[in-house]
Amino acid sequence: MIADPFEAVASSDARGVDLAVSVMVSVAPRAVTRRAYVLSTSLGLEFDELESAVAATWPDEGRRSVEAESLALWPAIERRGRTWHANDAVVDLLASHFSGQEPEAFGRLNSRLMRTEIDTRDSLVSELRDRGEVEAWRSGARVAFYRAATSPERSVKEFGEAFSEAPSPDVSAYRLWVANLVKRREPLLMGFPRELAFYRGFRAYIGGDRRKAANEFRAVVRDAGSMDRYRAISLHLLAVISGARSLSSQQRLEESVSLSVEMGLVENEVMARNSLVWSLVKRAEARARTVGSNRYLEALSVASANLELAGELGPPYVSAAERAYWTVKWLSATDGRRRDLSAAKSSEANEFAHNLIRIGRDSAQADGETSILAFNDAASVWRDVGSYTRAVEVIVEVVERFANGYWPSLGRVAKTSASILARSDDPEVRAICRRVLRMLPG
Amino acid sequence: MSRWWESADRRELVAAVEALKDCDILVASGRDDSGRDVAARLAARAFQSSGRRAYIVHCSHLPTLRDAFYELWAEIQPPGSGLTLSRAALLSNAYQIDELLNDIARCVTAAPYDAALVLETVDYAGPIGFDGLRWLRELASACSIPVVLIARTESSTMWHHLAGASLMHLRDFTRSDIWQCLLTYATTDLTSANEAIDRLGLSGQDIPPFLAYSQLHVWQERQP
C-alpha cells in the first residue's frame with residue numbers, strides 16, 4: 001500500500017506538474033520512484049536494461065521488484081515501443097530530484113550508462129564506416145550526455161564535437177537533437193555559460209525565435225578572445241539574423257569564414273561563405289553601375305571558391321553553393337542588367353538556365369527552398385533575355401512541384417511571374433502568368 | 001488495475017479521429033504537460049474501434065523525421081519479409097526519402113486490412129520544416145490512410161502550412177472533466193469524487209492533464 005496522496009498534497013507547496021512529481025516521490029513505492037529516476041537520467045532503456053541499471057545503482061534493490069505492467073500504469077513513466085522513458089512533462093524535474101536527493105546514486109548511474117554507451121560506440125566505430133557512421137555519431141553524443149554528471153568539461157567538449165560532426169543529410173535536425181541533449185544537462189553544465197548560450201541560441205534560431213537567438217549568439221561572441229567553433233557558427237548565424245545588407249553582417253561573415261578556415265570547420269566555412277556571397281550581391285546591387293567596372297566580381301570570386309569546397313561535402317551544400325555560383329555568374333556577366341541584353345548574352349543564357357534547372361530538379365525532394373530558388377533564378381535568366389515562353393515553362397514546372405504546399409520562396413516566383421507579365425505581349429505567356437499569380441502567395 | 005483516468009476529457013480528440021477519412025491528417029498539439037502520450041493511445045484506440053489497424057510511432061526519442069519514417073517502415077513490413085534496408089543505409093544520402101515513402105505506401109496498400117497511423121510527438125526535436133511538412137502530406141496521400149500527428153506546442157511547427165490538415169489543441173482539463181472521469185470509476189460515489197478532487201489539488205479551472213493523470217493514479221493506488 002502506498003502512502004496517503006491526500007497528505008502528500010496537503011504538505012506540498014508545489015503547483016502543476018511540480019505537485020505531481022512531489023506527490024509521486026512521496027507516495028509511490030520506492031521501486032517505482034527508483035525506476036522513474038533511472039529513466040529520467042537515461043535516454044531510453046529496454047525493460048531488462050532498466051532492471052540492470054536499477055540493480056547496479058542500488059545493490060539493495062531486488063530484481064524485478066516491480067512488474068512491467070504495473071510500472072506502465074504510472075503516468076510519469078512511458079513505454080514507447082520497446083524502450084521506456086520518463087514523461088516529457090516531468091523528465092527534468094525527476095532528474096533534478098534524483099541528483100539532489102541521491103547524488104552518489106546519480107553519479108553511479110550516469111557512469112554506468114556512459115560506460116555502456118562507450119562500448120556501443122566503440123563497437124559501431126569498428127564496423128564498416130557506411131554502416132555504422134550515423135549510429136556511432138549518435139552514440140558519441142549520448143556519451144557526452146551521460147558524462148555531464150561526472151566530467152562536465154569533457155562532456156562540453158564532446159557535445160561540441162558531436163555538434164560539429166553532425167552527419168548529412170539531416171545536419172540541422174541532428175544538431176538540434178544535440179542542443180536538446182545539452183538542454184537536459186544544463187543544471188550539470190552551469191560552469192560553461194558561453195557554451196550553454198550557444199546551444200540555447202541554436203535552439204531558438206531553428207525554432208524561429210530570432211530575437212532570443214541573436215541575444216544568445218551575442219553573448220557567445222562578446223568575448224573576442226574565444227576563437228572557437230561556437231564563435232565561428234554564432235558569427236554566421238548572427239549575420240543571417242541581422243540581414244545580408246549591413247556592413248557589420250559582412251564583417252561577421254568574413255570573420256566566421258576565416259575562423260572556420262583556421263579551425264578546419266569546413267561545413268561552417270561553406271555555409272558562411274555562401275551567406276557572404278549573397279551579402280556581397282546585395283551590397284553590389286545597392287551600388288551604381290559604372291562603365292569599365294563589374295560590381296559582382298567579388299561575389300563571383302567568393303562563390304567560385306565556395307563551389308569547389310562544397311563539392312567535398314555532398315548534396316545539400318553543393319546545391320546551395322552551385323545555385324549561388326550560376327546565379328552570381330549571370331549577374332556578373334550582365335552586370336546586373338535584367339533586360340535589353342545583347343544577342344551574345346542571349347546565347348549564353350542557355351547554359352546558365354539549364355544548370356539552374358538541373359540544380360532545381362536535383363534538390364527538389366530534399367531541399368525544397370533551394371530547389372524553388374534555383375528554378376526561379378533560371379526563369380529570371382530566360383526573362384532577362386526576353387525568352388518569355390521558356391521562362392514560363394520553368395515557372396509552370398516549379399508551380400506543379402510545389403504549389404500544393406507552403407514555401408516562402410514561392411513569393412519570389414510570383415514576383416518573377418509578375419515581371420514577365422509586365423514585359424511580354426504573348427497572350428499565351430500572359431495567361432499562364434495570370435494563372436500562376438492567382439495560385440501563388442504574394 | 002487500469003488506466004481508467006485516461007478517459008478524462010479527450011472527447012474532442014476521439015470524435016475528430018473517428019471522423020477522419022483516408023488521406024486526412026489531424027494535428028493535435030499540446031504542451032509537454034498535456035498528456036500527449038495518452039492522446040496518442042486514445043487516437044489509436046479510436047482507429048481500432050472503427051475497424052482500422054493503427055500503427056503508433058513514438059517520435060520523442062528520434063532525432064529526425066527520417067528516423068520516424070524508418071521506424072514506421074520497419075513496423076509495417078509483412079512478417080517474415082526480412083528487413084532489406086538498414087537504418088544506417090537509410091540515414092545516409094544513399095536512400096532518398098521519396099523511395100522510402102513509396103516503400104511504405106506499397107506495404108500499407110498491400111495489407112489485407114485498413115490501416116491508420118499515429119505519429120506521437122512528431123516534432124519533439126524541433127519544428128518540422130517545409131520539406132518535412134511535404135513528406136507528411138505525401139505519406140498520407142501515398143498510403144491513402146488517415147494520419148494523426150500528435151505535436152508539441154513548444155516546438156512551434158507551422159502546422160497551418162500542412163496542406164489539408166485539420167488542427168486542434170489538447171486543452172487543459174476543468175474540474176468538471178475530472179469529476180465526470182471519477183464518476184466512471186466504478187467504486188466512486190459523488191461525495192468521495194468531490195472530496196478527492198479537492199484534496200488531490202485538482203479543483204482549478206485549468207488543470208494540466210499530466211497533473212490530473214498523475215494525481216488520479218496515485219489516488220487509485222490507495223483504493224482498497
Side-chain angles (χ1 to χ4, degrees), chain A residues 1-2 4-6 8-10 12 15-17 19-21 23-24 27-28 43-44 69-70 73-76 78 80-81 83 85 87-90 130-135 138 167-170 173-174 176-177 180 203 206-209 314-315 365-369 402 404-408, chain B residues 1-3 5 31-38 56-58 60-61 63-66 71 75 86-89 91-94 96-98 120-121 124-127 129-131 133-134 137 152 155-156 158 160-163 196 199-201 208 210-211 213-215 217-222:
Chain A
M1 183 70 77
I2 65 172
D4 187 348
F6 294 152
V9 173
S12 174
R15 291 283 177 274
V17 292
L19 176 63
V21 170
V23 170
M24 180 191 167
V27 307
L43 294 169
E69 288 69 28
S70 143
L73 289 174
W74 289 84
E78 274 185 48
R80 300 175 187 159
T83 54
H85 301 256
N87 187 286
D88 295 335
V90 289
D130 62 339
R131 282 169 50 209
E133 189 179 30
V134 176
E135 295 293 351
R138 280 191 204 175
S168 289
D170 300 313
Y174 281 129
L176 191 58
W177 178 69
N180 286 333
R203 285 197 304 272
I206 298 289
D209 187 345
Q365 191 64 27
D367 185 355
E369 284 286 299
F402 293 101
N404 63 350
Y406 173 80
W407 304 90
Chain B
M1 286 289 196
S2 69
R3 297 177 75 111
W5 32 265
R31 299 187 315 261
D32 283 348
D33 60 7
S34 66
R36 290 187 300 251
D37 56 323
V38 175
I56 297 191
V57 178
H58 302 274
S60 310
H61 57 293
T64 69
L65 193 55
R66 198 184 291 261
E71 295 277 316
E75 173 80 19
S86 76
R87 175 190 288 269
L91 297 179
S92 72
N93 280 331
Q96 295 296 324
I97 202 86
D98 50 346
E120 188 235 337
T121 317
Y124 177 79
F130 301 119
D131 288 304
L133 294 179
R134 178 175 50 158
R137 177 72 267 168
R152 185 169 190 250
S155 85
S156 318
M158 293 193 270
H160 54 284
H161 291 312
L162 177 55
R199 295 183 65 190
L200 289 169
F210 179 85
L211 176 66
Y213 298 148
S214 196
Q215 299 299 79
H217 176 65
V218 292
W219 177 79
Q220 175 195 28
E221 289 268 323
R222 274 289 288 179

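Chain naming here is simple, since letters A, B, ... match the order of the sequence lines and numbering starts at 1 in each.
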[X] versus chain B, the contacting section by heavy-atom distance below 4.5 Å:
X: A:Ala10; answer: neither
X: A:Gln365; answer: both
X: A:Asn87; answer: side chain
X: A:Val90; answer: side chain
X: A:Thr83; answer: side chain

Subject >> Check: A:Ala89 main-chain N/O paired with B:Asp33 side-chain donor or acceptor under 3.5 Å >> reply: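 Here the side-chain-to-backbone pair does not exist.
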Can you confirm whether [X] sits close enough to [Y] that some side-chain heavy atom of one is under 4.5 Å from a side-chain heavy atom of the other?
X: A:Pro5; Y: B:Leu200; answer: yes
X: A:Leu19; Y: B:Ser214; answer: no
X: B:Thr64; Y: A:Tyr174; answer: yes

Part of [X] within contact of chain A (heavy atom distance under 4.5 Å):
X: B:Leu133; answer: neither
X: B:Glu75; answer: neither
X: B:Arg36; answer: side chain

Among [options], which residue has the highest count of heavy-atom pairs closer than 4.5 Å to chain B?
options: A:Gly16, A:Gly405, A:Ala8; result: A:Gly16
options: A:Asp209, A:Ile206, A:Asp88, A:Asn404; result: A:Asp88
options: A:Arg203, A:Glu69, A:His85; result: A:His85

**OP:** Take B:Gln220 and A:Leu73 through the test side-chain contact (heavy atoms from CB on, under 4.5 Å) and record every step on the way to the result.
**Re:** CA-CA 11 Å; B:Gln220 175 195 28; A:Leu73 289 174; 5.6 Å; no
Original post:
Hey, what do you get for CH2 (A:Trp177) to NE2 (B:His61), rounding to the nearest 0.5 Å?
Top reply: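 Here the rounded value is 11.0 Å.
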Taking every non-hydrogen atom, the tightest pair across [X] and [Y]:
X: A:Arg80; Y: B:Ser60; answer: NH1-CB, 3.1 Å
X: A:Gly207; Y: B:Ser156; answer: O-CB, 4.0 Å
X: B:Tyr124; Y: A:Asn180; answer: O-ND2, 4.4 Å
X: B:Asp131; Y: A:Asp367; answer: OD2-CA, 3.5 Å

Original post:
So which of B:His160, B:Glu120, B:His161, B:His58 has the biggest tally of heavy-atom pairs under 4.5 Å with chain A?
Top reply: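 Ranked by contacts with chain A, first place is B:His161.
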Original post:
Passes side-chain contact (heavy atoms from CB on, under 4.5 Å), B:Arg134 versus A:Trp407? Steps please.
Top reply: CA-CA 10 Å; B:Arg134 178 175 50 158; A:Trp407 304 90; 3.7 Å; yes
Original post:
Is the A:Trp74 ring parallel, tilted or perpendicular to the B:His217 ring (thresholds 30°, 60°)?
Top reply: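 Geometry flag for B:His217 against A:Trp74: perpendicular rings.
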